[in-house]
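Below you'll find the structure, written out as C-alpha cells, and then a few comments.
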Amino acid sequence: MEKNRVGELLISNKLITQEQFEQALEVQNNKPGHPIGQILCELGFLSAKDLEYVLDDNNKRRKLGEILVSQNLINEERLKNALKVSIGEKIPLGKALVKQHLLEEEQVARAIAIQHDLRFVSLADVKFDPKLSSFVNATFAQRLRIVPIRCRDGYLTIAMAYPIQRDELAQLESWCKMPIVSVIAKESEILSTQQKVFQISVVQDHERVQMDVELSEDQAREIKSKYTRDVITADVDYLTKRIITTGIKEGCSDIHFESVEKGMAIRYRLDGILQFMDLGADEPLISANARQIVSKIKILCDMDISERRRPQDSSFKMKVSKDGKVRSVDFRVSTVPTQFGENVVIRILDKRVGAISLEAIGYSKENTQLLYKALDKPTGIFLVTGPTGSGKSSTLYAILSHINTPGSKTLTIEDPIEYSIAGITQTEVNEIIGNTFATLLRAFLRQDPDNIMVGEIRDLETATISMRAALTGHTVLSTLHTNDATSAVTRLIDMGVEPSLISATLRCALAQRLVRRICTECKEPYSPPENLLQEFGIPVGSGVEFVQGKGCQACNYNGFSGRLPIVELWIPSREELLLLNRRPDNLALRNAVFADPSRMTMIDDGFRLVQEGETTLEELLRTVPYEQIEAGKDRIARFFAEKNHSSKANVGRNVQNPHHR
C-alpha cells in the first residue's frame, strides 16, 4: 500500500521510528481518509517541512490525473481533453475539469489532498475566530488562495486550494512564529471564508461586467428607499447586475436563482438546457448574499419584499448597452417559497428588431418551399404547435415577415411582443384591463386587416373567432400546445370547435421541436451505442457517419452551440379535410396523413439533421415524443432496407455489364 511505502521511506531516512509509524497507523484506523503523513505531523513525530522534502525528493507525488483515473472519476480520453484546456487557458488541471463540468469541485479538492498527503476539510460548518486575521496578511492570503481556520496547541491550521511553495510556507511560519498545519479545501469555500475572516469588501472589479444596465427613473427612485439604503448594499446591486448581464451576454432564455441549504445556486437555461456558468470569484459572494439578492430583484419589479410565504409574479425592464447599441430588455419574474428560502426564475425577453426568415432559423429548403407555397393562398388558418420553448414564436415571426407586404395590413396580438417588425401593428395582451386574446381579436376584425397573428389559442372563444376570421377572407396565424401536427385538429375539436369549421379554414398545421446543434469548433466522429441505434431502427454498419461535440471553450464544454428546428409539416389535401368531419382520433388521422412516404414526420426531419452532422441521436431521443420515435422506427428501418436493396441491384447490374457506370 502507498502509506506503507511512505512509512518505509520516512523510517529509512530516520525521520520517524517504527513505533511512531505503528502508532500513527492506529490513529488512522479511527480517522479513515486522513493521510498517514498528516497524522504523523499532527502527532508531533514529523514536521510538515520534512514530509514535503521526502515526498518531493523521492518523486512520491502521484499526478492528479492519475489519481482521478484510478478512482474511476474520469477516463483517459476526458483527462487528455482537460489537459489541453488546462495548457491552452493556463489554468490548473482541477479548474479545467470543473469548468468542463466533468467533476465537482469537491472531488478535485479531495484528489489534490491525496496527491499531497494532506487532509481535506469542509469549511461550510466551521466557526471562525476574528482574531485569526492577525496571523496572515489579507492580500497575501488572497493571492495564494489560503485562509487561517484554527489556532490550537501552538499550531496554526491553514486551508489551501493548492499547496503553497516551500519558501512561501517558510515565510508564513516566520510571520506567525509557529508551525503551520496545511489542509486542502474547496477554493469557493476559501474565498467565502476570506470574506468572514478578513472582512474583505465584496465589491469586485466592475469592469468584468461587459454590459451597462440602466434603470428607469421610477426604479432608480425606488432603490433610494429607506429599505434599500439599509439592506441592499452596493455589493448586492453589483452581484445582481452581474448575474443578469451574464445571462443576456450568453443568450440565455431564463435565469434560475435556487435557494439551497447553504446559500444560492445560479443556473442558466441556454439552448433549452439548464447549466451553470462560470461566475468566478463572485460565486461564493452570491451564496453569502442570497437573501439580499432576492430582495433586490423584488424591488426591481415592485413585489412585496416582506412576503416570503406565497408565490409572486411581476416584471421589470432594463436598457442594455452592448457594443455601443442600446436596446430594451423585458424580464418576467416568478418567485416561489422553498424549504431553504425563495426561488426566483427570471425569463429574459430580449426584444429584437427586424425581419426574420425561415431559412435563418434553420428550416430545410424543402419545408421552406412547401410552407411558402401554402402561404400563397390568401385565406385560411396556419397553426404552429409544440411545447413551451420549441420555437413557435420565431416561426410565426418568420411567416409574418414573408407575408408582410406594402399592399397588406398585418395586426398581431402577443403575450409578450418578442420581435418588433416594421410595417406591422403589434399589440400586447393585458388581462388586468380586459385586453385578452378574444377581446383584441374582435376589435381587430373592425380594423380592416389582411393578416392577423394570434399569439396562442387558449380557449373556445379565441379559437372560434380565429376560425371565423379565416373563413371571412383573412390569413390567421396562431399556436397550440400539442405533440404533433395532426393533434392540432383533435385539440380544437376537444375545445368545442365544430369539425366543419376546421375543415373549411385549415390550410397548414406545423409541429416543431428545437434540437441542439453540434458545436462546429469541436465536432468529431463517434459511434453511438448499439442499443441507441436499435431505438431508431438503424442497423449496425448502416454507413451513416455520426458526429458529436467533445466540448470546448466556445460551447461552454457542452458540445453544442445553438439550436435548429425539426419540423412536421402537414398541408391537408381535400380528402383529408373531408375526413375531419368524421371526428377521427389522432391515430387514425396520422395513419391517413403519413401513409404517403413522401411526407416527412418530425423524426424523419430530425434524422435528416443527424445524417447531415448537425445534431445527435441522443438529442432526438431527448426532444421528440417517444411515441413518434416508436412510430418512426419502421420508416427508418424501411429506408435502410430499400437503400440496401438498391445498392445490391446496382452491384448486380455492374457485374452483368462491366462497362456500366
Side-chain angles (χ1 to χ4, degrees), residues 216 218-219 253-254 300-304 311-319 327-335 345-353 356 381-386 388-389 392-401 403-404 408-481 488 491-492 495-497 501 505:
S216 66
D218 292 340
Q219 290 168 336
S253 61
D254 303 86
L300 286 175
C301 52
D302 200 26
M303 286 184 182
D304 183 354
Q312 296 187 66
D313 293 282
S314 190
S315 62
F316 66 98
K317 295 183 179 182
M318 282 184 177
K319 289 181 180 178
R327 66 179 186 274
S328 177
V329 178
D330 288 357
F331 301 89
R332 298 290 173 94
V333 183
S334 171
T335 71
V345 175
I346 298 180
R347 167 63 59 88
I348 301 174
L349 303 170
D350 192 355
K351 293 185 178 180
R352 287 152 283 186
V353 180
I356 187 171
I381 188 163
F382 293 77
L383 297 173
V384 183
T385 75
T388 301
K392 299 187 298 296
S393 295
S394 295
T395 297
L396 285 183
Y397 281 115
I399 294 172
L400 278 178
S401 298
I403 63 177
N404 180 33
S408 64
K409 181 171 184 177
T410 302
L411 306 175
T412 73
I413 310 167
E414 305 175 52
D415 184 23
I417 296 171
E418 295 183 27
Y419 291 82
S420 297
I421 303 178
I424 293 179
T425 301
Q426 297 172 264
T427 305
E428 196 160 280
V429 168
N430 188 339
E431 294 186 356
I432 296 175
I433 61 174
N435 284 351
T436 62
F437 280 111
T439 303
L440 290 170
L441 187 51
R442 282 198 190 91
F444 276 14
L445 293 176
R446 296 188 289 272
Q447 291 286 310
D448 187 30
D450 297 291
N451 311 308
I452 300 173
M453 185 185 92
V454 182
E456 183 184 345
I457 293 177
R458 298 175 179 172
D459 51 53
L460 175 60
E461 185 180 17
T462 306
T464 303
I465 299 171
S466 299
M467 295 286 179
R468 296 200 180 281
L471 196 61
T472 54
H474 304 89
T475 295
V476 179
L477 313 174
S478 193
T479 69
L480 282 169
H481 289 285
R491 175 78 179 111
L492 291 170
M495 280 185 184
V497 180
L501 191 56
T505 57

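Given the structure is predicted, the values throughout are model-derived calculations rather than measurements. Just so you know, residue 1 is the first one in the sequence shown, and it goes up from there.
Residue S478 comes nearest to G455 through the heavy atom pair OG-C, 4.3 Å, listed as atom of the first residue, atom of the second, then distance. Residues C301 and S315 share a closest heavy-atom pair of CB-O, 3.1 Å. Smallest separation of non-hydrogen atoms from A463 and M495: CB-SD, 4.2 Å. Closest of all the heavy-atom pairs between N404 and G423 is OD1-O, 3.7 Å. Contact record, G496 with L460: C-CD1, 3.5 Å, taken as the closest heavy-atom pair. Closest approach of A469 and L445 over heavy atoms only: CB-CD2, 3.6 Å.
Residue pairs meeting the side chain to side chain donor-acceptor pair (under 3.5 Å) criterion with at least one partner in residues 451-461, sequence neighbours excluded, are T410-N451, D415-R458, R442-E461, E456-R458, E456-H481, D459-T462.
Between I413 atom CD1 and L441 atom CG the span is 4.5 Å, to the nearest 0.5 Å. Rounding to the nearest 0.5 Å places CG of D313 at 6.0 Å from CE of M303. Summarising the geometry, atom OG belonging to S314 is positioned 10.0 Å from atom CG belonging to L300; distances are rounded to the nearest 0.5 Å. Rounded to the nearest 0.5 Å, atoms NZ (K317) and CG (L349) are 10.5 Å apart. Between the CE atom of M453 and the CZ atom of F382 there is a distance of 14.5 Å, given to the nearest 0.5 Å. Atoms CD1 and OG1, from I452 and T475 in turn, are 9.5 Å apart once rounded to the nearest 0.5 Å.
No side-chain heavy atom of I457 sits under 4.5 Å from any side-chain heavy atom of R491. L492 is not listed as a side-chain neighbour of L501, based on a closest heavy-atom distance of 4.5 Å or more. Looking only at side-chain heavy atoms (C-beta outward), L400 and Q426 stay at 4.5 Å or farther from each other.
Contacts of S253 classified as side-chain hydrogen bond (donor to acceptor under 3.5 Å, both in side chains), with partners at least two apart in sequence or in another chain: none. When the side-chain hydrogen bond (donor to acceptor under 3.5 Å, both in side chains) test is applied to S393, no partner is found at least two apart in sequence or on another chain. N435 pairs by the side-chain hydrogen bond (donor to acceptor under 3.5 Å, both in side chains) definition with nothing, not counting sequence neighbours. Annotation: side-chain hydrogen bond (donor to acceptor under 3.5 Å, both in side chains) contacts of T388 (sequence neighbours excluded): none. Partners of F331 by ring pair (Phe, Tyr, Trp, His ring centres under 6.0 Å), not counting sequence neighbours, listed by chain and number: F316.
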> Which is it for S401 and I421 under the side-chain contact (heavy atoms from CB on, under 4.5 Å) test, yes or no, and what are the steps along the way?
Replying inline: CA-CA 8 Å; S401 298; I421 303 178; 3.9 Å; yes
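None of T427, L411, V454 except one satisfies the side chain to side chain contact (heavy atoms under 4.5 Å, CB included) rule with L440; the exception is T427.
No side-chain donor-acceptor contact under 3.5 Å links S408 to the backbone of D450. In terms of modelled atom types and a separation under 3.5 Å, the side chain of K409 and the main chain of Q447 share a donor-acceptor contact.
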